[in-house]
Amino acid sequence: MAYFECIHLGKTYKTPTGNAVIVQDFNLTIEKGEFVCIIGHSGCGKSTVLSMVAGLNDISDGTVVLGEREINGAGPDRGVVFQAPCLLPWMTAFDNVMLGVDQVYYHATREERRQIANYYLAMVGLAGSMHKRPAELSGGMRQRVGLARAFALSPRMLLLDEPFGMLDKLTKFELQQVLLDLWNRERLTAMMVTHDVDEAIYLADRIIMMTNGPAAGIGDILSIKFERPRDRSEIMNTELYYEYRDHLIHFLEERASVRPALAG
Amino acid sequence: MAMNTATTANPATSLEGEKPSGKKWRYNPHKVAHTLEKLGLGYFSPIARLIGRDEPAKQVRAIAQNTFLPLLAFAVLLLGWQVCANTVATDSQKIPSPAETWSAWQDMLAFSAAERAKEAAYYQSQGERVARFEAMALQAHEAGNTQRAQAIEKRMASESTKVYQGTTTFFDQIGISILTVLVGFILATLVAIPLGILCGLSPAVNTALNPLIQLLKPVSPLAWFPIVFVFTTWGIDQAPASSIWQRALFTSAGVVTLCSLWPTLANTAVGVAAIDKDHLNVAKALKLGWFKRLWKIVLPSSLPLIFTGLRVSIGVGWMVLVAADMMSQNQGLGKFVWDMYQNGDTASTAQIIIAVFFIGGIGFLLDRIMLVCQRLVTFEEQTV
Ligand SMILES: Nc1ncnc2c1ncn2[C@@H]1O[C@H](COP(=O)(O)OP(=O)(O)O)[C@@H](O)[C@H]1O
Ligand SMILES: [Mg+2]
């Protein structure tokens, strides 16, 4: 059995006008240590899938299996990073990270836990600002805290929902680098939602293309064969990069609204 | 796990890191003005800016305006008051003029000072008497007369525990009033915050309690008094006259509690119920336990609203205190006003006017203190 698996995952909302099937029959397996990106048009149900995996949204159909166990509700074995950093504004960056660390490493001494939080905040480049509150940090710095908080949990899986969607391009590039550096060290199994084609190619081992809703599912899957660690300008100089890019854009523009015949 | 605390050498990651900042302290008029405003001392913020030479002309104008306009309003009040004093009169008394009120205030100060002097004199002579007894007891001991020595020591002990039985002055009564309102307010807080949290967390509790809360909220302190009186008479022993913890104080405080707990209760419930969904998701994703969720997420996020409630509560408490003191004969400002009313002459009315100014001033002060607390717990919301 695969490390992570969505089996016939589906989401249906009850609305006044009847049932709205948002996601249907979403089947996906991810190997341990694999980085998977999900792209698709806005509103197709990417966040819905991710939040079901995170346990923050109820699953209507099917199951999600992580490390041989079916997930049941949310938990710190999955590190979640949302588009908004969702930091607690009354706590410093350090305390925000510690909140999760305390929860996961409850058997460690306080000093050890502080070291873990320190380490990850330093890793995201916040060694000098870790005792500031979110209001004193820029948008990019807040999302760095968000990354540190997720990685510090040493989760079995990393779930990212357009984490850089609100940032300007320069900051976004920096943070993609931070994320990739961290990921290269720890090789966490990761599932990331994005609508940025270049971001997906740079980060992912595999890109899952979702069809448009309603009843969205997987339309196509693309494996990205670039060696790791990757260098952005290097891969952008290859022909393969543009093949991948054309493939993804062609899917989004032409094929996303066509749902392939359901397999299996 | 690798516990390597070295930062990444990647230059890109440190782009957004620390800015080198000059350590030398400089007077920053904006910062000082902002702090003053935060502390409810907005009146002084133009002065702080003026010191920092931040648009001096504008600041001078602001100071002049902030000072002149309130003074003007006060002058109008004095004028109206004088007019009333000249026209409103009954057979036995009249509205005292500002000048008469001022002289009543001088009398009150003099009376209080005289009372303090008497008290000091009493304790001085008490000290002398005790010292004399001590010397006599020592003498008796040395003479070998233990029986006599013991008798003297007994008298000495009873002498030294005597307390001065003077008249309570206006300022003593202010102290009692503040103490009473604090006791009532603390009790109200201890009841209202936990209940409010329960209401905010559980729709069932909220549904159960809401009609009761709506029913009890508008009840006047005068109606609560007889009920509280039965409870305190039943539950609290009469304290000796020298103690400040009189039963009447608790009766008054109880009335304050019952009238002032509602704003805190309602605001706490709203604050807890309206907590940001993102913040709750953090708690959910980390699987925080019930207590930790309450302590780390729910309470901090509702603190600003809780303090808004507390601020209203202490205002209500202070407002009903005078009435409660009148009913329970607690030695506070209410009793002072009542006694002066019973005297029924113009000088007493003048003293009541003085009391009115003090009641207003202390209410204002309490409100300012709570405002500062409220601003201190209010965190700045993140903008992204
Ligand atoms: N509570 C809800 N009830 C009904 N429909 C919902 C609800 N929440 C989300 N949706 C719908 O689900 C669809 C997918 O949303 P989402 O997963 O956020 O899209 P994406 O993240 O791909 O942009 C949207 O069309 C949205 O309107
Ligand atoms: Mg989304």
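Predicted model, so just to flag it, every value in this text is computed and none were measured. Here is how names work: the chains are called A, B, and so on, in the same order as the sequence lines, proteins then strands, and each is numbered from 1.
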Original post:
Looking at Leu303(B), Leu286(B), Val377(B), which makes the most heavy-atom pairs under 4.5 Å with chain A?
Top reply: Leu286(B)

**OP:** Against chain A, label Ile297(B) side chain, backbone, both or neither, depending on which of its atoms sit under 4.5 Å from a heavy atom there.
**Re:** both

**OP:** Indicate the atoms forming the closest heavy-atom contact of Ile235(A) with Thr238(A), along with that distance.
**Re:** O-OG1, 2.7 Å

Original post:
Side chains of Thr189(A) and Glu34(A): is there a donor and an acceptor less than 3.5 Å apart?
Top reply: no

Subject >> Aromatic Phe173(A) / basic Arg232(A) pairing, under 6.0 angstrom, 45° off normal >> reply: yes

**OP:** Tell me, out of Leu99(A), Val104(A), Val80(A), who's got the most heavy-atom pairs with chain B below 4.5 Å.
**Re:** Leu99(A)

Original post:
How far apart are the C-alpha atoms of Lys172(A) and Asp196(A), what are their side-chain angles, what is the distance that settles it, and do they pass the salt bridge (Lys or Arg N to Asp or Glu O under 4.0 Å) test?
Top reply: CA-CA 11 Å; Lys172(A) 186 169 172 169; Asp196(A) 180 336; 2.8 Å; yes

